[in-house]
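Have a look at the structure below before the remarks.
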Amino acid sequence: MKLATWNVNSLNVRLPQVLDWLAANPVDVLALQELKLTDDKFPFQDFAAAGYLAESFGQKTYNGVALLSRAPLQAVVRNIPGFEDEMARVISATVNGVRVIGAYFPNGQEPGSDKFAYKMRWLAALREWVRGELVQHPRLVLMGDYNITFDDLDVWDPVGLKETIHCTTEERTHLQALIALGLHDSVRLFPQPERNYSWWDYRNMAFRRKQGLRIDHILISDALKAVATACAVDPTPRKNERPSDHAPVVLELQL
DNA sequence: ATGCCTCAGCTCCTGAGA
């Protein structure tokens with residue numbers, strides 16, 4: 001079973017690239033973030049023609065997440081139950097006995113801002129919800145755009161970006177609290193290339209200069225760690241014309 | 001440098017992203 005996550009930064013603009021990528025990388029499940037469209041505009045037919053069922057949780061202009069799957073998506077849940085949120089950020093479903101959570105974590109903008117405070121509240125709510133989900137679903141994947149780096153290895157300029165957004169101690173403490181629930185950073189389970197990032201700024205030719213951050217992650221439970229055989233970022237779509245600023249991350253399980 | 005690029009929208013500028 002192969003699973004992937006990709007922040008597409010507008011599914012309307014990126015649909016042809018997503019279809020091309022799926023044709024070349026026929027994963028079983030793909031979690032999408034930043035759809036930037038409403039469910040009535042979601043291209044269900046295009047994905048069906050490519051062999052994928054889909055569950056969408058969109059909204060106008062911002063945010064929006066979806067799960068694509070070759071097998072049926074069961075027990076679909078939208079957002080974090082019990083956490084009031086106007087933004088469409090989370091969609092979950094069970095596929096072939098694996099609980100899959102696709103999430104678009106808040107950006108946070110700047111430490112000390114209202115948006116940063118919202119990010120902290122959201123992270124706390126996510127953690128308490130996932131704690132219970134892990135009890136019910138030992139085979140669990142939590143993947144998406146986390147908007148948080150684990151450590152300096154995930155940052156192209158750890159000195160210049162010290163304690164800036166995505167790199168603060170407060171955000172990283174929340175990320176480690178997710179790990180403490182019994183989750184594992186799939187990418188780090190396997191050897192990786194140097195400067196292994198998942199996002200590059202559109203400005204300054206950041207991709208060409210390898211100036212990026214690893215902020216898109218696939219966290220897996222103990223039961224899935226035992227059967228994980230590969231996990232890596234696929235930077236090739238970032239070389240497309242009009243690319244997303246994020247690249248997909250792909251996990252392979254031997255189930 | 002409150003800058004650089006990209007996207008959506010009450011679209012020819014602004015807000016947000018990261």
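In what follows, every chain begins at residue 1, and chains take the letters A, B, ... in the order their sequences are listed.
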Cluster check F83(A), F57(A): I/L/V/M/F/W/Y, side chain < 4.5 angstrom: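 No; tracing contacts between hydrophobic side chains, which count when under 4.5 Å, never links both residues.
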Scan [X] against the nucleic acid and name what it touches under 4.0 Å (heavy atoms): base, sugar-phosphate only, or nothing.
X: Y146(A); value: nothing
X: N63(A); value: nothing
X: I215(A); value: sugar-phosphate

Write down the protein N/O and nucleotide N/O pairs, taken from nucleotides 2-4 of chain B, whose separation is under 3.5 Å; answer none if there are no such pairs.
from: dC4(B); atom 1: O2; to: N204(A); atom 2: OD1; distance (Å): 2.3
from: dC4(B); atom 1: O2; to: N204(A); atom 2: ND2; distance (Å): 3.4
from: dC4(B); atom 1: N3; to: N204(A); atom 2: ND2; distance (Å): 3.4

Presence of donor-acceptor pair under 3.5 Å, side chain of N107(A) and base of dA18(B):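 When only heavy-atom distances are counted, N107(A) does reach the base of dA18(B) through a donor-acceptor pair under 3.5 Å.
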Proximity to the side chain of N7(A) - top-ranked nucleotide from dT6(B), dA18(B), dA8(B):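 Output: dA18(B).
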Residue E34(A), side-chain atoms from C-beta onward, closest of dA18(B), dA16(B), dC10(B): dA18(B)
To the nearest Å, how far apart are [X] [atom1] and [N] [atom2]?
X: Y62(A); N: dG17(B); atom1: OH; atom2: P; answer: 7 Å
X: E86(A); N: dA16(B); atom1: CD; atom2: C1'; answer: 16 Å
X: E110(A); N: dG17(B); atom1: CD; atom2: C1'; answer: 14 Å

Ring geometry between Y146(A) and H217(A) (parallel below 30°, tilted from 30 to 60°, perpendicular above 60°):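 Aromatic pair H217(A)/Y146(A) classed perpendicular.
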Geometric class of the Y197(A)/W200(A) ring pair [parallel <30°, tilted 30-60°, perpendicular >60°]: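 The arrangement is perpendicular - the two ring planes meet at more than 60°.
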Residue of the set N12(A), N9(A), N63(A) for which side chain to side chain donor-acceptor pair (under 3.5 Å) holds with K36(A): N9(A)
[N] to [M] separation - [atom1] atoms, rounded to the nearest Å:
N: dG9(B); M: dC4(B); atom1: C1'; answer: 23 Å
N: dT11(B); M: dT6(B); atom1: C1'; answer: 15 Å
N: dC12(B); M: dC7(B); atom1: C1'; answer: 15 Å
N: dC5(B); M: dA1(B); atom1: C1'; answer: 16 Å
N: dA8(B); M: dT2(B); atom1: P; answer: 28 Å
N: dG15(B); M: dG3(B); atom1: P; answer: 12 Å

Side-chain N,O (S10(A)) to OP1/OP2 (dA8(B)) below 4.0 Å: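 So the side-chain polar atoms of S10(A) do come within 4.0 Å of the phosphate oxygens OP1 or OP2 of dA8(B), strictly under.
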Position toward the 5' end of DNA chain B (nearest nucleotide), P106(A) or V13(A): V13(A)
Earlier contact from the 5' end, DNA chain B, for K36(A) and Y104(A):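 Taking each residue's closest nucleotide, the earlier one in sequence belongs to K36(A).
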Residue-level proximity of residues 237-247 of chain A to DNA chain B when a heavy atom falls under 4.0 Å: R242(A), H246(A)
